[in-house]
Amino acid sequence: MIALIDCNNFYASCERVFDPRLNGKPVVILSNNDGCVIARSNEAKALGIAMGAPAFLMKELLEKQDVHVFSSNYALYGDMSNRVMQTIHELVPALEIYSIDEAFVDLRAMPYADLSELARTIRERVRQCTGIPVCVGIAPTKTLAKIANRYAKKNTDQGVFVVPAGAMPTEILENTAVEDVWGIGRQYQKLLTGHGILTALDLARTNPHWIKKHLSIVGERLVRELNSQPCYELEDQPQAKKGICTSRSFGTPVTDYPILEEAVATFTARCAEKLRRQQSAAHLMHVFVFTNPHRPDQPQYYGNRVLQLPVASNSTMEMVAMAMRGLKIVFREGYTYKKAGIMVSGIVPEDEVQMDLFAMDEKRRTLERKAMTALDQLNRRMGRDTVKVGKQGYNRSWHLRQERRSRRYTTRWEELLDV
DNA sequence: TCTGGGGTCCTAGGACCC
DNA sequence: TCTGGGGTCCTAGGACCC
């Protein structure tokens with residue numbers, strides 16, 4: 001059996017842990033740049049505030065209904081996520097962190113006759129140690145555990161639901177709309193409902209050949225999983241990423257080349273850090289810049305370039321130098337840039353990098369590697385970008401708009417909660 | 001009379017997830 | 001004034017190999 005543990009309204013719940021006055025009130029959290037609504041408390045959902053709704057269109061409603069609005073505070077949410085995961089991990093050893101607010105756990109080796117008792121224990125312990133409410137769904141497959149979790153959230157006071165192994169759980173499948181099944185998005189929903197497949201139960205009973213033809217092998221696995229046949233194992237070892245992207249919209253639009261340089265250098269430094277953290281190196285870098293597509297009255301431009309490093313690298317210095325060459329190529333004077341980013345791919349383990357007879361000499365490479373290790377250690381201890389390359393600059397005028405961010409209660413001494 | 005049977009790698013595009 | 005930022009997997013088609 002597999003459990004899916006999912007935090008309720010996670011970002012809103014994080015804010016509430018440190019400000020209980022928010023309990024019972026509508027709370028929403030905005031995306032980077034205070035752009036869209038990306039998390040809502042139940043009270044906010046009840047007001048009809050949609051996921052992904054642009055904040056500026058909701059302004060009146062948010063004010064009129066006295067909604068508490070927050071900018072994203074990823075320092076807080078990331079740290080709270082770590083605490084939740086650690087708490088679960090202390091109770092169940094086999095844990096797959098699926099997203100910032102969800103984890104699958106393998107219950108096969110757990111000495112509990114009654115799995116709902118274990119689920120309640122997990123729930124209470126997470127609540128006690130972190131203040132975050134979670135729901136737990138338990139079932140023979142991941143897909144069914146997802147459905148069980150959703151059902152626990154919507155239909156029970158306990159926040160726990162178990163789909164037993166053995167017989168097909170017809171009742172819960174019948175009460176789950178097909179578009180609420182994990183892996184069924186907008187396009188597949190349209191296709192399936194067009195063929196009269198409206199519920200998870202209908203989908204579970206659909207002809208596998210038809211599914212394979214229209215939803216590919218992914219759909220076939222999904223149908224098997226609905227029939228209690230596991231196709232997805234628990235992945236408790238995180239896999240190295242095959243592509244890494246750092247991109248941002250700018251708080252204020254950018255026209256100046258030096259400011260664009262600072263932004264792109266910073267994104268590159270972030271990609272290099274991510275590569276080093278997973279002990280990888282990349283040999284392709286994709287630089288892109290673009291104007292605001294929501295302003296058709298302004299001239300539009302999308303510039304992008306893929307650059308090849310002679311030897312796969314994760315050195316901030318080498319990668320920033322390369323990114324600056326790419327930016328020079330894609331930059332066009334006279335446009336107002338809204339967003340830029342760096343994507344790296346062609347990722348290999350850092351100890352399996354293929355050398356080049358004519359590239360940077362080995363001595364320099366070793367030195368840079370040592371420098372990067374020192375840089376990472378310093379920045380981990382003293383805070384991000386304590387040590388950085390000069391191109392990253394001090395300007396920050398391109399930086400995010402975050403007008404309503406709460407304090408970083410758990411990761412900054414100077415922002416601790418006052419009692 | 002009649003024209004094989006395997007493979008690999010790469011890219012673009014489309015679907016999905018949080 | 002104003003619309004986020006990451007990822008994954010699969011398939012089809014083209015080019016190539018023996």
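Heavy atoms only: backbone and side chains are in, while hydrogens, waters and symmetry mates are out. The sequence lines fix the lettering, A, B, ..., with proteins before strands; numbering per chain opens at 1.
For the pair A:Arg150 CZ and B:dC18 P, the interatomic distance rounds to 11 Å; values are reported in whole Å. Rounding to whole angstrom units, CD of residue A:Gln187 and C1' of B:dC17 are separated by 15 Å. For A:Glu96 and B:dC18, the CD to P distance is 13 Å, given to the nearest whole Å. Protein atom OH of A:Tyr11 is 12 Å distant from nucleotide atom P of B:dC18, rounded to whole Å. Rounded to an integer number of Å, the gap from CD1 of A:Ile29 to C1' of B:dC18 is 15 Å. Protein atom NZ of A:Lys213 is 16 Å distant from nucleotide atom C1' of C:dA12, rounded to whole Å. Computed from coordinates, the A:Asn304 CG to B:dA12 P distance equals 11 Å when rounded to whole Å. For the pair A:Glu220 CD and C:dC9 P, the computed distance is 18 Å after rounding to whole Å.
Within 6.0 Å of CD on A:Glu171 lie no more than 12 heavy atoms contributed by other residues, nucleotides or ligands. With a 6.0 Å radius and a threshold of 12 heavy atoms from other residues, nucleotides or ligands, A:His399 has its NE2 atom above the threshold. Residue A:Lys391 places its NZ atom among 12 or fewer non-hydrogen atoms of other residues, nucleotides or ligands, all under 6.0 Å distant.
Distances from the side chain of A:Asp101 to the nucleotides B:dC18, B:dA15, C:dG7 place B:dC18 closest. Nearest to the side-chain atoms of A:Glu102 among the listed nucleotides B:dC18, C:dC9, C:dT1 stands B:dC18. With B:dC17, C:dT11, C:dT8 as the candidates, the nucleotide lying closest to the side chain of A:Ile217 is C:dT11. Closest contact between the side chain of A:Ile244 and the listed nucleotides C:dC10, C:dC9, C:dG7 involves C:dG7.
Aromatic pair A:Phe331/A:Tyr337: centroids less than 6.0 angstrom apart. A distance below 6.0 Å separates the ring centres of A:Phe104 and A:Trp182.
Taking only side-chain nitrogens and oxygens, A:Lys241 never comes nearer than 4.0 Å to OP1 or OP2 of C:dG6. Put simply, A:Lys146 has a side-chain N or O that comes within less than 4.0 Å of OP1 or OP2 on B:dC18.
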Fill in: Pair pattern of DNA chain B in dot-bracket, where unpaired bases get dots and | marks partners in another strand, Watson-Crick or G-U under 3.5 angstrom
....||||||||||||||

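Across all strands, A:Ile100 comes closer than 4.0 Å to no nucleic acid atom at all (heavy-atom distances). Nucleic acid contact class of A:Arg270 (heavy atoms, under 4.0 Å, all strands): none. No contact: A:Gly341 has no heavy atom under 4.0 Å from any strand. Residue contacts for A:Thr246: at a heavy-atom cut-off of 4.0 Å it reaches the sugar-phosphate backbone alone, with no base atom in range.
Contact annotation: the side chain of A:Gln298 never approaches that of A:Thr291 to less than 4.5 Å [non-hydrogen atoms, C-beta and beyond]. Between A:Val287 and A:Met322, the closest side-chain pair of non-hydrogen atoms is not below 4.5 Å. Proximity of A:Asn175 to A:Thr199: side-chain heavy atoms (C-beta onward) are nowhere separated by under 4.5 Å.
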Practice prompt. Report the C-alpha distance between A:Leu144 and A:Met1 in whole Å, list the side-chain angles of each, state the deciding distance to 0.1 Å, and finish with yes or no for side chain to side chain contact (heavy atoms under 4.5 Å, CB included).
Written response: CA-CA 10 Å; A:Leu144 287 172; A:Met1 298 290 272; over 6 Å; no

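Using modelled atom types, one finds no donor on one side chain facing an acceptor on the other under 3.5 Å when comparing A:Gln402 with A:Asp34.
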Contact list (N/O, under 3.5 angstrom) for nucleotides 2-4 of chain C vs protein:
unit_1: C:dC2; atom_1: OP2; unit_2: A:Arg295; atom_2: NH1; d: 2.6
unit_1: C:dT3; atom_1: OP1; unit_2: A:Lys338; atom_2: NZ; d: 2.6
unit_1: C:dG4; atom_1: O4'; unit_2: A:Ser31; atom_2: OG; d: 3.0

